[in-house]
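Written out below as structure tokens is the structure these notes cover.
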Amino acid sequence: VELFQFVGSEWGRLDCLVNNAGVWQHNPLSQFSEDRYIETMRINVSGAFYCMREALPFLRLSKQASVINITSTAGQRGEAFYSPYAASKGAMISATKAWAMELAPDIRVNSVAPGWVDTEMSADALGSELRGEIEAGIPLGRVASAEDVAGPILFLASPLSRHLTGEIINVNGGSVLVG
């Protein structure tokens, strides 16, 4: 709430909201942790809904409002041993499509769905012997950098994407060809 009060007092409107908070926690069904599940849903899904609720009045004041939800290829294909994460990102993909219909034509809502990205969240997996295996499954042959993901976000935030809403842009080097 305080963040959006600041936005309102400082700028009076909001042109773009990027919902990017997320956790990726190991949670296999055979050892399912309700606490990890609840935390994953609270951060990955509820947080975005609360931000949208608070941002909406300020987005409505913009002539070029754009919302970008950072989801994941896991939300489209699933992910063994991380099913709450995959479910949370699938929920945000559905929310993206629902919000796009609900808020059009005034606010565009899209998603960027990265695959593997070299960040702190994936550092353990990418710092292990799995990295070569992971990269072998990516047609472009490498894990994405944060900059690789930032480009499509910038595009969706800009007027260059003024006729896109409800879209999921996959940034995964071709590893999940789901269009």
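Remember, predicted model here, so these are calculated numbers, not experimental data.
When all heavy atoms of Q76 and A113 are compared, the pair lying nearest together is NE2-CB, 3.6 Å. Of all heavy-atom pairs spanning A86 and E79, the tightest one is CB-N, 3.7 Å. Taking every heavy atom of both residues into account, G12 and L61 meet most closely at O-CD1, 3.1 Å. The two residues A48 and M92 come nearest to each other via the heavy atoms CB-CE, 3.5 Å. For G137 against S175, the heavy-atom pair with the smallest separation is O-CB, 3.4 Å.
Taking the side chain as every heavy atom from C-beta outward, V23 and N44 approach each other to under 4.5 Å. Between D148 and V117 there is no side-chain heavy-atom pair separated by less than 4.5 Å. A 4.5 Å side-chain heavy-atom check between F58 and Q5 finds every atom pair outside the cut-off. By the 4.5 Å heavy-atom criterion applied to side chains, L56 and L103 are counted as neighbours. Proximity of L17 to F4: side-chain heavy atoms (C-beta onward) are separated by under 4.5 Å at one or more points. Looking at L3 and E54, their side chains never come closer than 4.5 Å, going by heavy atoms from C-beta outward. Side-chain contact between F32 and S83 is absent, with no heavy-atom pair separated by less than 4.5 Å. R42 is not listed as a side-chain neighbour of Y50, based on a closest heavy-atom distance of 4.5 Å or more.
Side chain of S62 to backbone of L59: no donor-acceptor contact under 3.5 angstrom is found. Formation of a donor-acceptor pair under 3.5 Å by the S161 side chain with backbone atoms of S158 is found in this model. Counting only distance, with no hydrogens or angles, the side chain of R108 and the backbone of L156 share a donor-acceptor pair below 3.5 Å. Side chain of S46 to main chain of I43: no donor-acceptor pair is present (N/O by atom type, distance under 3.5 Å, no hydrogens or angles).
Counting non-hydrogen atoms of other residues, nucleotides and ligands closer than 6.0 Å to CD of E10 gives a total above 12. In the displayed structure, F155 atom CZ is contacted under 6.0 Å by more than 12 heavy atoms of other residues, nucleotides or ligands.
If you chain together hydrophobic residues whose side chains sit under 4.5 Å apart, F49 and M41 fall into the same group. In the hydrophobic cluster analysis, where Ile, Leu, Val, Met, Phe, Trp and Tyr join through side-chain heavy atoms closer than 4.5 angstrom, V1 is grouped apart from V7. Cluster membership check: I169 does not share its hydrophobic cluster with L140, using side-chain heavy-atom separations under 4.5 Å among Ile, Leu, Val, Met, Phe, Trp and Tyr. A continuous path of Ile, Leu, Val, Met, Phe, Trp and Tyr side chains, each step under 4.5 Å between heavy atoms, connects I107 with W11, placing both in one hydrophobic cluster. L160 and L164 end up in the same hydrophobic cluster when Ile, Leu, Val, Met, Phe, Trp and Tyr side chains are linked at under 4.5 Å.
Using a 3.5 Å distance cut-off with no hydrogens or angles, the side chains of T73 and N172 do not pair a donor with an acceptor. Side-chain contact annotation: S88 with T40, donor-acceptor N/O pair under 3.5 Å absent.
Looking at N170, V171, I68, N110 one by one, the single match for side chain to side chain contact (heavy atoms under 4.5 Å, CB included) with P152 turns out to be V171. The only member of T71, N69, T96 that meets side-chain hydrogen bond (donor to acceptor under 3.5 Å, both in side chains) when paired with N19 is N69.
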Steps toward side chain to side chain contact (heavy atoms under 4.5 Å, CB included) verdict (V112, V18) = CA-CA 10 Å; V112 170; V18 178; over 6 Å; no
**OP:** Take I70 and I153, measure what side chain to side chain contact (heavy atoms under 4.5 Å, CB included) needs, and give me the verdict at the end.
**Re:** CA-CA 9 Å; I70 308 306; I153 294 169; 3.5 Å; yes
Practice problem: Could you go through the side chain to side chain contact (heavy atoms under 4.5 Å, CB included) check for Y85 and N27 one step at a time? | Solution: CA-CA 9 Å; Y85 174 79; N27 199 357; over 6 Å; no
Step-by-step side chain to side chain contact (heavy atoms under 4.5 Å, CB included) determination, Y82 to R36: CA-CA 10 Å; Y82 294 85; R36 284 185 180 175; over 6 Å; no
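Here the OG atom belonging to S72 is positioned 7.5 Å from the CD1 atom belonging to I93, to the nearest 0.5 angstrom. Here Q64 contributes atom CD and C16 contributes atom SG; the two are 9.5 Å apart, rounded to the nearest 0.5 Å.
Note on ring orientation: taking the six-membered ring where Trp is involved, the planes of H26 and F81 are parallel (angle under 30°, cut-offs 30° and 60°).
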